[in-house]
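In what follows, residues are counted from 1 in the order of the sequence shown.
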Amino acid sequence: MIRFCKNCVIPNSKPNITFKNGICTSCYFHSNTKKKKINWDTRKKEFDSLIDKIRKKKNEGFDVLVPVSGGKDSITQVHYMLKAGLRVLALNVDYGFKTDIGDYNLNLIPKMGASLFVFRPNMKIHRKVLKISFEKYGDPDLMSHCLLHALPIKTAIKFNIPLVFLGENSAYEYSGDKTYDEKKMSFKWFKNYAANNGITPKKFSKKHNISFNKMDIYNLPSKNELNKTNAVFTSYFFKWDSEINLKIAKKYGFQTLKKNGEGTYRNYVGIDEKINRIHQYLKYLKFGYGRATDHACEDIRNGRINRSKAINLVKKFDRVPITKYYYKEFIDLIGVSEESFFSTLKKYTNRKLFNINKKNLLFKFNNFN
């Protein structure tokens, strides 16, 4: 039976989460471990020391590569690097699902003073990868996660860029998993958090008869490749907080939606690409929680809302059905009908969590105890 964290509203159906005395490991990590005692002034000195080492290298090209979506977090990452006086190459992967506001925010990055490189994958291959990922695994972003994590490392190695400045360490921030080094990207982290359930591009290509050479850009860096560059998490050096990052991004002209985004009460998260809504809605169907839950849990841990308000927000926003605005371009690209799209959604709906009838999808557990 499903249980919810007594502190936040995350269910025990979330992958990679465990509970201790009714408290999820993420809340426990945020409130009862060394994270609460982090001296951010000391971390800033460590950051300054890292930057000094980069400057001493006197690299002929860029000093740092920053993966970017154009969202508030990646703009904040670029901000920290520019403020440190480094030459920044910002790398964006564009699948063709950008929103107008996403394009606008992404184009703020060159105006900030960084160079922006937009990478568009081979869509003949990516279309096939998206369709298989959606229909066979219930996650259109299955291989995209690998691409987004692997390409920045490989690009930095190819162009001899000594530092990759990643975003948050999701294993720590959202799962409370203390088994990973919190500062630097590791091969183990890649295998467990970039490759979903251990489904690597190599396994994917072999199983679905796609030439592995054609999927090389999705493939995770080897241990030796990771050792050739220094890929670190921003969240180790600076407190990772959505509201703080939003304030920084707004200083550069970052735009938000006029009202809340679909599936959450925030108007500034996941607004750059439409396909993310499909990923998040499937997460809700499979595991019983969506973006509103993610955001409510973060706000509880940062003391912005109480659990009672979080429960109301989850009930109101997590359960909003997906609309055609978010899936029309996707189904056109992969070549499936609207009926087939919803049939796949139904296929991956967890019957232990939902009652399904012809008109409604009803979540079984409304008691958040």
Side-chain angles (χ1 to χ4, degrees), residues 1-33 35-36 71-73 167-177 235 239-247 249 256-271 276-277 279-323 326 349-350 352-355 360-369:
M1 184 176 177
I2 193 169
R3 290 285 186 269
F4 295 88
C5 174
K6 293 179 180 179
N7 182 66
C8 69
V9 285
I10 203 70
N12 60 1
S13 51
K14 176 182 177 177
N16 300 315
I17 200 78
T18 56
F19 284 68
K20 182 177 181 179
N21 298 323
I23 304 297
C24 75
T25 46
S26 187
C27 282
Y28 184 81
F29 178 63
H30 277 71
S31 62
N32 296 308
T33 68
K35 183 165 187 181
K36 192 174 182 181
K72 65 178 183 353
D73 297 332
E168 78 274 38
N169 183 340
S170 58
Y172 264 50
E173 295 294 324
Y174 311 128
S175 295
D177 193 332
S235 59
K239 184 178 180 181
W240 196 258
D241 185 308
S242 290
E243 293 291 336
I244 292 174
N245 292 354
L246 177 63
K247 288 179 181 179
T256 62
L257 300 177
K258 292 181 180 179
K259 60 179 183 178
N260 61 278
E262 185 176 290
T264 186
Y265 55 93
R266 289 181 177 175
N267 67 346
Y268 57 84
V269 179
I271 62 177
N276 184 258
R277 169 62 176 150
H279 167 78
Q280 294 294 337
Y281 190 64
L282 272 159
K283 183 177 77 174
Y284 170 64
L285 297 180
K286 290 190 288 185
F287 306 116
Y289 76 101
R291 289 313 293 274
T293 296
D294 289 332
H295 299 156
C297 289
E298 181 186 1
D299 284 341
I300 286 174
R301 291 169 194 145
N302 286 319
R304 294 195 175 95
I305 62 175
N306 59 33
R307 193 170 184 270
S308 177
K309 183 173 182 178
I311 290 172
N312 290 332
L313 290 170
V314 167
K315 288 181 177 180
K316 181 177 180 179
F317 293 100
D318 248 2
R319 304 173 186 188
V320 173
I322 191 169
T323 59
Y326 288 97
T349 300
N350 190 332
K352 294 180 180 180
L353 302 177
F354 293 93
N355 288 318
N360 296 309
L361 182 68
L362 300 175
F363 193 61
K364 290 182 179 180
F365 304 99
N366 286 310
N367 187 340
F368 282 73
N369 293 330

So, taking the atom named [atom1] in [X] and the one named [atom2] in [Y], what distance separates them when rounded to the nearest 0.5 Å?
X	Y	atom1	atom2	result
Ile10	Thr25	CD1	OG1	10.0 Å
Asn302	Cys297	CG	SG	11.5 Å
Phe4	Ser13	CZ	OG	7.0 Å
Cys8	Arg307	SG	CZ	7.5 Å
Leu285	Asn350	CG	CG	9.5 Å
Lys239	Asn245	NZ	CG	11.5 Å

For [X] and [Y], which I'm curious about, is there any donor-acceptor pair between the side chains at under 3.5 Å?
X	Y	answer
Arg301	Asn7	no
Thr293	Asp318	yes
Tyr289	Gln280	no

Within the distance-only criterion (no hydrogens, no angle test), does the side chain of [X] pair as donor or acceptor with the backbone N or O of [Y] below 3.5 angstrom?
X	Y	answer
Thr256	Tyr268	no
Ser235	Asn169	yes
Asn12	Arg3	yes

Taking the side chain as everything from C-beta on, heavy atoms only, tell me whether [X] gets closer than 4.5 Å to [Y].
X	Y	value
Val269	His295	yes
Asn306	Ile300	no
Phe363	Leu353	yes
Cys24	Thr18	no
Glu168	Trp240	yes
Phe19	Cys5	yes

Looking only at heavy atoms, which two atoms of [X] and [Y] are closest? And how far apart?
X	Y	result
Pro11	Ile17	O-CG2, 3.9 Å
Thr264	Ala292	OG1-CA, 3.8 Å
Asn276	Gly270	OD1-CA, 4.4 Å

**Prompt:** Between Arg266 and Glu298, is the closest basic N to carboxylate O distance under 4.0 Å?
**Reply:** yes
- prompt: Does the distance from a Lys or Arg side-chain N to an Asp or Glu carboxylate O, for Asp294 and Lys283, drop under 4.0 Å?
  reply: yes
Sequence neighbours excluded, the answer for side-chain contact (heavy atoms from CB on, under 4.5 Å) partners of Asn260 is Phe317
Sequence neighbours excluded, the answer for side-chain contact (heavy atoms from CB on, under 4.5 Å) partners of Lys315 is Ile311, Arg319, Asn366, Phe368
If you count the non-hydrogen atoms of other residues, nucleotides and ligands that lie under 6.0 Å from NZ in Lys286, is the total more than 12? yes
Is it the case that more than 12 heavy atoms not belonging to Lys364 sit under 6.0 Å from its NZ atom?
yes
Q. Is the Tyr281 ring parallel, tilted or perpendicular to the Tyr284 ring (thresholds 30°, 60°)?
A. tilted
Full working for side chain to side chain contact (heavy atoms under 4.5 Å, CB included) between Tyr265 and Lys316
CA-CA 9 Å; Tyr265 55 93; Lys316 181 177 180 179; over 6 Å; no
Residues pairing under salt bridge (Lys or Arg N to Asp or Glu O under 4.0 Å) where one sits in residues 256-265, two or more places apart or in two chains, turn out to be Glu262-Arg277
